[in-house]
Each structure stands twice: as structure tokens, then as C-alpha cells.
Asker: 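What follows is a structure written as C-alpha cells; I'll ask about it next.
Values below: every heavy atom of this structure, side chains too, minus hydrogens, waters and symmetry copies.
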Amino acid sequence: MSRLTILQYPDPRLHKVAAEVAVVDARVRAIITDMFETMYEAKGVGLAATQVDVHERIIVADVSEERDEPLVLINPEIVERSVECKEWEEGCLSLPGIYDKVERPDRVRVRALDAQGQPFELDAEGLLAVCLQHEMDHLLGKVFVDYLSPLKRKRIKSKMLKRQREAAEAA
């Protein structure tokens with residue numbers, strides 16, 4: 001197993017739309033294994049393949065406190081959304097240390113394939129619903145800061161670029 005590199009905002013590859021997974025095979029399962037290792041090591045609750053420069057419709061998530069409820073979604077799609085929305089403070093492994101409020105539907109029903117390629121549907125609410133919507137946005141080339149005002153996005157982009165410059169100079 002190898003830990004994958006998480007792309008950092010504003011990397012343009014984060015805005016690439018992911019392709020559908022045609023076949024769930026050993027190659028895809030190896031990506032899933034690496035994504036879980038990367039997500040757990042980075043202390044995240046979700047990770048989209050786009051974030052590790054794999055532009056396929058794959059998400060891994062685990063919102064449990066014990067980190068023992070891994071969830072795999074391949075080719076996920078939202079088939080139902082609640083009318084009720086809720087504001088959550090979101091963060092992202094591609095924007096470490098950056099958090100802001102985003103309003104999303106409080107409940108969603110998602111249809112996807114599991115790691116064996118079997119179809120399933122999942123009703124999610126609360127943190128899991130937010131996590132799945134956030135990660136599905138990544139597959140569409142969206143980052144949570146895209147929901148923020150242009151001024152906030154500009155400030156976050158400047159902060160991230162400054163951090164990346166400082167890290168490169170220190171290396």
C-alpha cells in the first residue's frame with residue numbers, strides 16, 4: 001500500500017470532471033485501498049479520487065468516530081434530496097486548515113456501486129450527507145470554496161499559494 005499525494009487547492013486538476021468507472025476490477029480496488037490509507041492518515045472523513053489525481057468517479061468515506069465504518073461509492077449519483085437544508089462548517093483535505101460554512105440539503109439518497117461492483121442505495125443525513133455531497137462535488141470538479149463569495153475565495157487562494165511557496169522554499 002502506498003499513501004497517495006493529495007492535490008492542494010488551487011491546483012487546476014481539482015477542477016477536472018471525473019470519468020465514470022467502466023469496470024470495477026482489481027485496479028479499481030487497489031485505488032480504493034490506497035485512498036482509504038491516504039484518507040485515514042490525513043485524518044479525513046472522505047476522499048474523492050479527483051483529490052489524488054485519479055479522475056474517475058470513486059469516493060471513500062468513514063464518518064464514524066471509531067474509524068471502522070468504511071464506505072465505498074463508485075459512480076455515485078444523488079437520486080433524492082431533502083428540501084430542508086442545513087449549514088455545516090466544512091473543511092477539505094485539499095485545503096488543510098481552511099473551514100467555512102456551506103449550506104446543503106440535510107438528507108440525500110445516493111445510488112452507487114460498491115467495491116465489488118454491486119449496485120446499492122444509501123439514505124444519508126447529517127455529517128454523512130454533507131460528506132457525500134462534498135465528495136461528489138469533487139467528482140464534478142467543484143471545491144467547497146466555490147460556494148463562498150468571490151472575496152473569500154480570493155483570500156483563501158492567496159493563503160494557499162503563500163503556504164505552497166513557503167513549503168517549496170523550506171524544502
Side-chain angles (χ1 to χ4, degrees), residues 1-78 88-100 102 104 108 110-146 156 160 163-164 166-168 170-171:
M1 284 195 267
S2 64
R3 185 179 178 282
L4 304 170
T5 301
I6 298 171
L7 299 177
Q8 299 292 300
Y9 182 83
D11 192 309
R13 293 172 290 180
L14 288 170
H15 296 292
K16 189 172 178 180
V17 176
E20 194 160 301
V21 174
V23 179
V24 179
D25 56 12
R27 179 191 68 82
V28 170
R29 284 188 284 278
I31 291 168
I32 290 166
T33 299
D34 287 347
M35 286 176 65
F36 270 119
E37 180 183 325
T38 302
M39 179 191 76
Y40 286 131
E41 185 176 311
K43 309 281 190 270
V45 296
L47 185 67
T50 300
Q51 293 177 269
V52 292
D53 204 19
V54 174
H55 301 282
E56 295 181 66
R57 295 185 55 76
I58 304 168
I59 292 171
V60 299
D62 188 342
V63 299
S64 68
E65 291 207 19
E66 296 79 24
R67 313 298 280 150
D68 61 355
E69 295 176 27
L71 181 62
V72 174
L73 297 99
I74 299 169
N75 298 334
E77 60 178 310
I78 295 175
W88 285 77
E89 186 161 87
E90 293 188 28
C92 182
L93 295 177
S94 293
L95 290 108
I98 305 290
Y99 300 91
D100 214 315
V102 176
R104 298 185 186 270
V108 292
V110 177
R111 181 180 301 140
L113 301 176
D114 65 17
Q116 283 65 51
Q118 297 303 307
F120 71 98
E121 284 194 8
L122 170 71
D123 289 317
E125 59 184 292
L127 178 58
L128 181 58
V130 170
C131 175
L132 295 179
Q133 292 174 83
H134 175 111
E135 301 310 333
M136 289 172 73
D137 275 352
H138 278 299
L139 300 179
L140 297 172
K142 277 185 97 167
V143 183
F144 88 92
V145 296
D146 293 338
I156 290 168
M160 292 297 295
R163 278 190 203 163
Q164 291 164 17
E166 289 170 352

Asker: So, do Glu89 and Asp100 sit near enough that their side-chain heavy atoms are less than 4.5 Å apart?
Answerer: no
Asker: Find the distance between CZ (Phe144) and OH (Tyr99) and round it off to the nearest 0.5 Å.
Answerer: 9.0 Å
Asker: Scan side-chain atoms only and decide if Ser94 and Gln51 contain a donor-acceptor pair under the 3.5 Å cut-off.
Answerer: yes
Asker: Does Asn75 reach the main-chain N or O of Leu113 with its side chain, forming a donor-acceptor pair under 3.5 Å?
Answerer: no
Asker: Going by heavy atoms in the side chains, are Arg67 and Lys43 under 4.5 Å from each other?
Answerer: no
Asker: With sequence neighbours left out, write down each residue that passes side-chain hydrogen bond (donor to acceptor under 3.5 Å, both in side chains) with Asp25, or none if nothing qualifies.
Answerer: none
Asker: Which residues pass the salt bridge (Lys or Arg N to Asp or Glu O under 4.0 Å) test with Glu41, sequence neighbours left out?
Answerer: Arg3
Asker: Taking all heavy atoms of Pro10 and all of Gln164, pick out the closest pair and write down the distance.
Answerer: CD-NE2, 4.0 Å
Asker: Looking at Arg27 and Glu56, is there a salt bridge between them, counting it only when a charged N and a carboxylate O are closer than 4.0 Å?
Answerer: yes
Asker: Which heavy atom of Leu132 sits nearest to which heavy atom of Ala124, and what is that distance?
Answerer: CD1-CB, 4.0 Å
Asker: Which atom pair, heavy atoms only, marks the closest approach of Asp62 to Ser64?
Answerer: OD1-OG, 2.6 Å
Asker: Do Tyr9 and Ile98 have side chains that approach each other closer than 4.5 Å (heavy atoms only, starting at C-beta)?
Answerer: no
Asker: I need the Leu127 CG to Trp88 CH2 distance, nearest 0.5 Å.
Answerer: 5.0 Å
Asker: What donor-acceptor contacts under 3.5 angstrom involve side-chain atoms of residues 14-23, with partners at least two apart or in another chain?
Answerer:
from	atom 1	to	atom 2	distance (Å)
His15	ND1	Gly141	O	2.9

Asker: Ignoring hydrogens, what is the shortest heavy-atom contact between Val24 and Arg29? Give both atom names and the distance.
Answerer: O-NH1, 3.5 Å
Asker: Can you tell me how far CD1 of Ile32 sits from CE of Met39, rounded to the nearest 0.5 angstrom?
Answerer: 12.0 Å
Asker: Excluding sequence neighbours, so at least two apart, what forms salt bridge (Lys or Arg N to Asp or Glu O under 4.0 Å) with Asp146?
Answerer: none
Asker: Would you say that Phe120 contacts Leu73 through its side chain, given a criterion of any heavy-atom pair below 4.5 Å between the two side chains?
Answerer: yes
Asker: List the atom of Ile78, the atom of Gln133, and the distance in Å for their closest heavy-atom pair.
Answerer: CD1-CG, 3.9 Å
Asker: Output the distance between atom CG (Leu139) and atom CD1 (Ile59), rounded to the nearest 0.5 Å.
Answerer: 4.5 Å
Asker: Parallel, tilted or perpendicular for His138 and His134, by the 30°/60° rule?
Answerer: perpendicular
Asker: Tell me, with the steps shown, if Leu71 and Leu122 meet side chain to side chain contact (heavy atoms under 4.5 Å, CB included).
Answerer: CA-CA 10 Å; Leu71 181 62; Leu122 170 71; 3.6 Å; yes
Asker: Taking only residues two or more places apart in sequence or in another chain, which ones pass salt bridge (Lys or Arg N to Asp or Glu O under 4.0 Å) with Arg104?
Answerer: Glu90, Asp137
Asker: Among all residues two or more places apart in sequence or in another chain, which pass the salt bridge (Lys or Arg N to Asp or Glu O under 4.0 Å) test with Asp114?
Answerer: none
Asker: Is the backbone of Leu4 close enough, under 3.5 Å, to the side chain of Thr38 for a donor and an acceptor to pair up by distance?
Answerer: yes
Asker: Whether the side chain of Arg13 engages the backbone of Val54 through a donor-acceptor N/O pair (distance < 3.5 Å, no angle test) should be reported.
Answerer: no
Asker: Would you say that Leu95 contacts Ile156 through its side chain, given a criterion of any heavy-atom pair below 4.5 Å between the two side chains?
Answerer: yes
Asker: Would you call Glu121 and Val110 a side-chain contact if the rule is heavy atoms closer than 4.5 Å?
Answerer: no
Asker: What are the two closest non-hydrogen atoms of Pro70 and Tyr40, and how far apart are they?
Answerer: CB-OH, 3.7 Å
Asker: With side chains defined as the heavy atoms from C-beta onward, is the minimum distance between Leu7 and Val52 less than 4.5 Å?
Answerer: no
Asker: Are side-chain heavy atoms of Met35 and Ile58 found at a separation under 4.5 Å?
Answerer: yes
Asker: Please confirm whether the backbone N or O of Pro76 pairs with a side-chain atom of Arg111, one donor and one acceptor, at under 3.5 Å?
Answerer: no
Asker: Could you go through the side chain to side chain contact (heavy atoms under 4.5 Å, CB included) check for Phe36 and Leu47 one step at a time?
Answerer: CA-CA 8 Å; Phe36 270 119; Leu47 185 67; over 6 Å; no
